S.K.: 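Dropping a structure here in structure tokens format, bear with me for questions.
Please read these numbers as outputs of a predicted model, since none were measured by experiment. Worth knowing before you read on, the calculation uses all heavy atoms, side chains too, and leaves out hydrogens, waters and symmetry mates. One-based numbering, in listed order, for ligands and for the atoms of each.
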Amino acid sequence: MKGCFPIEQFNHIETPFYYYDTALLRSTLQAINKEAGRHENFVVHYAIKANANPKILNVISLAGLGADCVSGGEIRAALSTGFPASKVVYAGVGKSDWEINLGLDKDIFCFNVESKAELEVINELAGRKDKTAKICLRINPDVGAHTHANITTGLAEDKFGIAMSDMDQVIEAANKMGNIQFLGLHFHIGSQILEMDDFVALCNRINEIQNHLERHHIKVENINVGGGLGVDYIHPNRVPIPDFKTYFNTYARHLKLRDGQKLHFELGRAVVAQCGSLVTRSLYIKQGTHKQFVIVDAGMTDLIRPALYQAYHKIENISSEEPTETYDVVGPICESSDVFAKAIDLNKSHRGDLIAIRSAGAYGEIMASQYNCRKIPTGYITEDL
Ligand code: LLP
């Protein structure tokens with residue numbers, strides 16, 4: 001055992017693979033339930049998009065969270081792993097008819113609707129089934145978040161949500177439709193957000209919107225603030241569980257809920273990132289002109305975040321205790337962006353060593369591809385070993 005890894009058991013498994021520490025996942029879920037549970041109107045959903053491994057979904061559904069889905073495939077994944085339809089919310093800027101029909105057939109809790117055109121289609125499809133679709137309108141709050149440009153979603157120029165200037169008109173239209181029940185408003189400003197002030201800005205904007213709607217006698221039952229809480233990629237051992245207390249308290253303090261209103265959350269990364277690692281084997285140590293490379297058997301096909309967002313993931317050689325040396329850690333894919341890290345210190349590395357790429361439980365396995373005709377890596381949980 002080095003650090004938190006059962007390395008003896010790893011020796012028999014084909015690399016690369018994902019390893020999920022279920023004890024950490026369960027402690028994380030306990031922390032969420034404890035901290036959200038202090039606020040009686042808070043309802044937490046897990047954003048399936050972060051990791052849809054069925055074993056992970058089972059653990060999360062058992063903890064009682066709802067599911068936030070963005071496709072028909074995710075709705076199926078949620079229902080088949082124990083999430084009740086009554087706790088499924090379904091967002092997405094481009095819902096196909098079959099996906100809307102699936103949501104209607106399964107009687108999901110709520111559609112988060114992103115445009116008036118979509119609302120009309122949902123009304124029509126629900127009408128054909130003689131059903132009523134419960135909906136929230138996703139509003140674009142024009143609030144920026146201090147995170148990577150590719151993962152902010154709440155600015156006016158982003159493709160997501162309904163512009164605030166159109167909101168009244170779309171609510172009015174929804175309230176007139178025969179097969180739509182308007183429940184409330186949905187927001188999501190971005191991902192990997194560590195500055196609570198970003199969430200405070202969202203709360204302030206929602207307060208303004210609520211005051212405005214109240215003046216127009218429009219009743220809102222639910223507010224959904226999406227997800228976005230970040231994790232500490234630099235110190236996965238020191239901060240294995242995000243600070244859910246501060247996160248939920250920020251909303252409790254700044255968002256003025258009306259009587260009986262429920263506040264929904266859709267957390268993805270904060271639930272699963274820290275429990276997962278991509279475990280890979282060093283194939284070759286190569287001495288370049290100025291650099292040393294560790295060439296590993298995992299590539300950007302297994303974990304695309306460093307190549308796509310220049311994301312940092314802590315990397316450890318879990319086989320070696322020798323003094324550190326400086327390496328670039330790179331994969332085998334025929335792309336020069338197939339680099340996990342540059343100029344990092346690792347214990348002196350040799351062919352065959354196991355290398356762990358940490359904090360990879362969110363947006364790792366689920367974003368894997370078969371480029372270069374590679375296999376999608378298998379995900380193992382502690383109980384599998
Ligand atoms: N709700 C909505 C409407 C979302 O779009 C997202 C994420 C979430 C909830 C969950 O956000 P989280 O709590 O995980 O931050 N692939 C990127 C992240 C994309 C996030 C997309 N939306 C990455 O690897 O960083």
S.K.: For ligand 1, note which part of Y309 has a heavy atom under 4.0 Å away: side chain, backbone, both or neither.
M.R.: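 It is the side chain that gets close, since no backbone atom is under 4.0 Å.
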S.K.: Kindly say whether G64 contributes a backbone atom to a donor-acceptor pair with the side chain of K87 at under 3.5 angstrom?
M.R.: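 Judged by distance alone, yes, a pair lies under 3.5 Å.
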S.K.: Any salt bridge (charged side-chain N to carboxylate O under 4.0 Å, His left out) involving residues 328-337? Give me the pairs, sequence neighbours left out, ordered by first then second residue.
M.R.: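 Of all non-adjacent pairs touching residues 328-337, those that pass salt bridge (charged side-chain N to carboxylate O under 4.0 Å, His left out) are K291-D328.
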S.K.: Look only at interatomic distance and state if A50 has a nitrogen or oxygen under 3.5 Å from any nitrogen or oxygen of ligand 1.
M.R.: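 Min N/O separation from ligand 1 is not below 3.5 Å for A50.
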S.K.: Which of the atoms of ligand 1 are close to G268, meaning less than 4.0 Å from one of its heavy atoms?
M.R.: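 Numbered from 1, ligand 1 contributes 12 (P), 13 (O), 14 (O).
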S.K.: Look at the aromatic rings of F248 and F42 and report parallel, tilted or perpendicular, splitting at 30° and 60°.
M.R.: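 Tilted, since the angle between the ring planes falls between 30° and 60°.
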S.K.: For this output row, return yes or no: ring centroids of Y380 and Y18 closer than 6.0 angstrom.
M.R.: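 Here the rings of Y18 and Y380 have centres that are no less than 6.0 Å from each other.
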S.K.: Salt bridge (charged side-chain N to carboxylate O under 4.0 Å, His left out): which pairs involve residues 237-261, sequence neighbours left out?
M.R.: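 Of all non-adjacent pairs touching residues 237-261, those that pass salt bridge (charged side-chain N to carboxylate O under 4.0 Å, His left out) are E214-R258.
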S.K.: Quick check on side-chain contact (heavy atoms from CB on, under 4.5 Å): which of N112, L185, L263 does N224 satisfy it with?
M.R.: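 Only one option passes, and that is N112.
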S.K.: Any idea which atoms of ligand 1 are less than 4.0 Å away from a heavy-atom of G227?
M.R.: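 Listed by number with element, the hits are 9 (C), 13 (O).
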S.K.: Could you list the atoms of ligand 1 found under 4.0 angstrom from a heavy atom of L267?
M.R.: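 Selected atoms, number and element: 13 (O).
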S.K.: Under 6.0 Å between ring centres, would you say that holds for H39 and F265?
M.R.: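 Not close enough - the centres of the two rings lie 6.0 Å or further apart.
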S.K.: Are the aromatic ring centres of Y19 and F10 under 6.0 angstrom apart?
M.R.: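 Here the rings of F10 and Y19 have centres that are less than 6.0 Å from each other.
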S.K.: Under 4.0 Å from ligand 1, counting heavy atoms only, is it the side chain of R269, its backbone, both or neither?
M.R.: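 For R269, backbone and side-chain atoms both sit under 4.0 Å from ligand 1.
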S.K.: Regarding atom 24 (O) of ligand 1: of the candidates H186, R138, R305, which has the closest heavy atom?
M.R.: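 When every heavy atom of H186, R138, R305 is considered, R305 comes closest to atom 24 (O) of ligand 1.
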S.K.: Check each heavy atom of D68 against ligand 1 and say whether those closer than 4.0 Å belong to the side chain, the backbone, both or neither.
M.R.: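 The answer is the side chain of D68.
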S.K.: Among A47, G230, P242, whose heavy atom sits nearest atom 10 (C) of ligand 1?
M.R.: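 Considering heavy atoms of A47, G230, P242, the nearest to atom 10 (C) of ligand 1 sits in A47.
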S.K.: Can a non-hydrogen atom of G228 be found less than 4.0 Å from any atom of ligand 1?
M.R.: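 For ligand 1, residue contact (heavy atoms, under 4.0 Å) with G228 is present.
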S.K.: Counting heavy atoms only, which of M367, E266, E114 is nearest atom 3 (C) of ligand 1?
M.R.: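 It is E266 whose heavy atom sits nearest to atom 3 (C) of ligand 1.
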